[in-house]
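Only this structure's heavy atoms are used, side chains among them; waters, hydrogens and symmetry mates stay out.
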Amino acid sequence: MMGAENHYGLEPPPPREEMETLALVDDDHPSTDPHPLAAVPATLHGGDPLLFPPPSPHSPSSSSPSPSPSSSFLDPPAYADVVFSPFDSQNGTSSGSNSPRCAAAAASEYARITVSDPQKEQETSGSLVPGGGTYVTYLITTKIRTPASGGGGPTEFRVRRRFRDVVTLADRLAESYRGFFIPPRPDKSVVESQVMQKHEFVEQRRSAIEKYLRRLAAHPVIGKSDELRVFLRTPGKLPLSASTDVASRMLDGAVRLPKQLFGEGGGGYAGPQDVVQPAKGGRDLLRIFKELKQSVANDWGGAKPAVVEEDKEFLERKEKVQDLEQQLSTASQQAEALVKAQQDIGETLGELGLAFIKLAKFETEEATYDSQRIRAADIKCLATAAVKASRFYRESNAQTVKHLDTLHEYLGLMLSVHSAFSDRSSALLTVQTLLSDLSSLHARAEKLEAASSKIFGGDKSRIRKLEDLKETIRITEDAKSCAIRGYERIKENNKTELERLDRERRDDFVAMLRGFVVNQVGYAEKIANVWAKEAEETSRYAKESN
């Protein structure tokens, strides 16, 4: 998945030199003056007298003891002192060691996976695509946990991989681990790479690959797979062979089809083990035709298939997953609206602060009395408060994006869930097709036996056909047994993954909500302190009016 900033459309505001100077300088130099801008060195503002307003004799703060630097209102308030430190270090994730996700991460052999140092390399083979003569490789650094017994050996592996290798890994995992919720790989977009700036596209892809590999490593089954281990540890060219392209698969199927039509090849299956892979890859055209026919018969035929999906618990949970996807989509849209609204508030406050700064400068230039200068200084302080509140809004919004990005992650995971359910449906369709084939084969065998029995001494040609037919039945029976075992294995994988999804979703959503609430409360208190101090500074106007 892409970064959280891209999900929510959150772009950093344009640099505002005046705003950052005001906010950051005051952070580094906590003021002991009731007017915080009085502590700004003159070199930063060219000696502008507006930044050195005289302290108001009416200010209630002028006679009070000067606060120590540690009590500056920019320091985290009491509530934030308690709750910010634990979740800031975890980026909003639960720090509880008993959570399912933490337990899975602790059980993984991978301590950390990083993707860095993108480099452009020359393509050895010719390319017809403009600009396709070069490609980018990424340095993948993997740190593994050394067993307590300790056998020495390396604990860090460094390999270089290109995006095509990531695609190969994803394809191999999809073939070998049907029924699992495999994290979706980053999309391959040639158009996007042409439209975006090259460095921006490479950085986005680097980040996406890193996140993808970390999710694979955190999966309790995929993380222990040989495919992932080879990808992360074997230097040089990726030893995993890429999946055959669709055109080659269709060519193989076309070559095999005539033999199958004339009774060779086990009734449409090159071998019993072929049935554990879906037919949609195009490797077997006759099998595709048969399963398509069976699918149409299931939908429109009057006869009920020999085997149907009868797991009521699975059907109910499948329906709940579909409802969950709809709720995630709605919540994600509202999260985007919230982020946009908070961004607008922060930017509007910043613009208001800059407008007040200009107004205060105008008042100072036109001032002829001390009271006018004091009023201009107060306007300047109000502007500073607005700028600081704007910065807090921006910081809070950045944290909000991190927390609520969990919604986007689970929405993307729904693609993997649908793919795993599709594996189950495909495996069931294969079983149904084989059972239908066996029924037809047995009927043909019975007719041949009946016809042969009527001829004295038997018909040699029919006897030979019957023997071939029995061999086909035997191969199809073996294929059916493999298909049933594959279907049952996918069912078990679905069940395990649904249970894991429920556990981790609860853990992740609790962490998301906790982080989001803590963030909102903490920054709301920071912003409230900014305005509370400003209200104290301007309270004399209310007293004078009374």
Side-chain angles (χ1 to χ4, degrees), residues 13-64 66-67 69 71-75 77 342-396 523-546:
R16 298 184 178 91
E17 184 177 353
E18 300 156 289
M19 182 188 303
E20 297 303 329
T21 300
L22 287 173
L24 295 178
V25 167
D26 198 58
D27 282 350
D28 298 333
H29 305 279
S31 175
T32 57
D33 189 271
H35 296 275
L37 293 178
V40 180
T43 56
L44 294 180
H45 52 74
D48 187 349
L50 184 61
L51 297 180
F52 289 93
S56 171
H58 304 287
S59 174
S61 303
S62 59
S63 59
S64 59
S66 299
S71 65
S72 170
F73 67 84
L74 287 179
D75 292 337
Q342 288 188 159
Q343 182 181 10
D344 290 343
I345 293 176
E347 291 182 353
T348 302
L349 264 179
E351 296 292 347
L352 177 64
L354 294 179
F356 274 135
I357 288 174
K358 295 177 181 178
L359 176 61
K361 186 175 182 180
F362 174 80
E363 289 281 356
T364 302
E365 292 173 352
E366 298 295 324
T368 55
Y369 300 101
D370 288 342
S371 60
Q372 292 176 299
R373 296 187 180 91
I374 293 174
R375 184 171 65 251
D378 289 336
I379 294 176
K380 186 74 171 184
C381 290
L382 176 61
T384 304
V387 168
K388 290 175 181 176
S390 169
R391 194 186 68 175
F392 283 142
Y393 268 110
R394 286 186 288 159
E395 292 177 1
S396 174
Y523 274 100
E525 188 169 357
K526 285 184 175 185
I527 295 170
N529 285 347
V530 171
W531 294 119
K533 183 168 184 178
E534 184 59 28
E536 182 181 356
E537 295 292 335
T538 57
S539 61
R540 66 180 184 279
Y541 292 111
K543 294 178 181 179
E544 290 173 356
S545 63
N546 291 333

> Which value, rounded to the nearest 0.5 Å, describes the distance between L349 atom CG and K388 atom NZ?
14.0 Å
> Using a strict 4.0 Å threshold on nitrogen-to-oxygen distance, state whether R391 and E395 make a salt bridge.
yes
> Just verifying a value: how many Å separate E363 CD and E365 CD, rounded to the nearest 0.5 Å?
10.5 Å
> Could you tell me which non-hydrogen atom of S390 sits nearest to which non-hydrogen atom of G346, and how far apart they are?
OG-O, 2.5 Å
> Rounded to the nearest 0.5 Å, how far apart are CD1 of I357 and CD1 of I379?
12.0 Å
> Could you tell me if the side chain of Q372 sits less than 4.5 Å from the side chain of E366, heavy atoms only?
no
> If you take all heavy atoms of A383 and G353, which pair is closest and at what distance?
CB-O, 3.2 Å
> Please report the shortest heavy-atom distance between Y523 and F392, naming the atom on each side.
CD2-O, 3.6 Å
> Mind checking the CG-CZ spacing from D370 to R375? Nearest 0.5 Å is all I need.
12.0 Å
> Are E534 and C381 close enough that some pair of their side-chain heavy atoms sits under 4.5 Å apart?
yes
> How far does CG of L352 sit from CD1 of I345, to the nearest 0.5 angstrom?
13.0 Å
> If I take atom CG from residue L354 and atom CG from residue L359, how far apart are they, to the nearest 0.5 angstrom?
12.5 Å
> Is the closest side-chain heavy-atom distance between L382 and W531 below 4.5 Å?
yes
